[in-house]
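Each chain gets a letter, A, B and so on, in the order its sequence line appears, and its residues count up from 1. No hydrogens, no waters, no symmetry mates; every other heavy atom, side chains included, goes into these values.
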2 protein chains.
Amino acid sequence: MTKQRKVVYDVLRSKRDHPTAQMIFERTQKELPTVSLATIYNCLEALVSHDVVKQVNVDREPSRYCPNLAEHGHFHNKQTGDVIDINFKPDVNLAEFLDLPEGAVIEDLELNIKGFLK
Amino acid sequence: MTKQRKVVYDVLRSKRDHPTAQMIFERTQKELPTVSLATIYNCLEALVSHDVVKQVNVDREPSRYCPNLAEHGHFHNKQTGDVIDINFKPDVNLAEFLDLPEGAVIEDLELNIKGFLK
DNA sequence: GTAGTTTTTTAGAATAATTCTAATTCCAAT
DNA sequence: ATTGGAATTAGAATTATTCTAAAAAACTAC
């Protein structure tokens, strides 16, 4: 954990709105004015590969980052652009409802829902 | 439906291996040697926006395209790079198992599973 | 503490999928 | 045939991300 990685991680935890690397860069600059965007990407890469942060991709938009490690999906509000976490109801194992091929081992499951709030 | 769009659509239906735009470009060139990559993107955009083809994104890899319109997910085999369709078991309504916010209207649901075959 | 080694950060260049631009071609309807 | 509108094309532009090389920082053993 370097100083930069810690600040990036804190930025992510302090406002869980699924910011992009650019947004994280801007928020991190308030704390570390000389930080570079490459460092933001490096830090995020380190945090993601150590499984303390999840990278969230919706369509081909810039990646967003999320410190929620529990298995969950994302609701992308088309009207506001917001992305919020969607938890599964208790004791739900998604894989049970899927027609997976013989011998399939799931390493990662990604659920993205797009829509709006009525 | 122009000639190019028809060939692109036929290419997609004749081999349902979720090709990228580049792969579709190469396959289309066999039929239309003077076609351009921009046209492939244009045609795919037209087909996707008219809801006859689905665009499939896994991570930040190049988009893949799929003529299967039934609601389904995708299994991404990390060992082979293959992407295959995953159907839901009969009468399963995923939304029932999710903690959606009040008033959420689902317009699109995207399920990507990464793993391998044992 | 200091010399030596490794890791991280940084700025800027490079990359690659996709989109845009402007010119040309195609086609349908007059 | 001519015109008008849309589609196609080649190539330039865009943009999120990755790479490169150099400088800075962090560690390690002495």
When clusters are formed from ILVMFWY side-chain contacts under 4.5 Å, directly or step by step, what else is grouped with I24(B)? M1(B), V7(B), V8(B), Y9(B), V11(B), L12(B), F25(B), L32(B), V35(B), L37(B), I40(B), Y41(B), L44(B), L47(B), V48(B), V52(B), V53(B), Y65(B)
How many Å lie between CG on L47(B) and P on dT8(D), as a whole number? 10 Å
Separation of M1(B) atom CE from dA6(D) atom C1', in whole Å? 16 Å
Test your reading of the model: is there a side-chain donor-acceptor pair from R27(B) to the backbone of P19(B), 3.5 Å cut-off? no
Is the closest side-chain donor-acceptor distance between H76(A) and N112(A) under 3.5 Å? no
Which residues in residues 8-16 of chain A have a heavy atom closer than 4.0 Å to any atom of DNA chain D? none
For K3(A), the salt bridge (charged side-chain N to carboxylate O under 4.0 Å, His left out) test, sequence neighbours excluded, returns none
Would Q55(A) and S63(A) count as having a side-chain donor-acceptor pair, cut-off 3.5 Å? yes
Side-chain donor-acceptor contacts of residues 87-99 of chain B below 3.5 Å, not counting sequence neighbours, with atom names and distances?
residue : atom : partner : partner atom : Å
K89(B)  : NZ   : E96(A)  : O            : 3.1
N93(B)  : OD1  : A95(B)  : N            : 3.4

Under 4.0 Å protein heavy-atom contact, by nucleotide of nucleotides 4-20 of chain C - B base, S sugar-phosphate only: ----SBBBB----SSBB
Among residues at least two apart in sequence or on other chains, which ones pass side-chain hydrogen bond (donor to acceptor under 3.5 Å, both in side chains) with R64(A)? none
Is it true that H18(A) and D82(A) share a donor-acceptor pair across their side chains at a distance under 3.5 Å? no
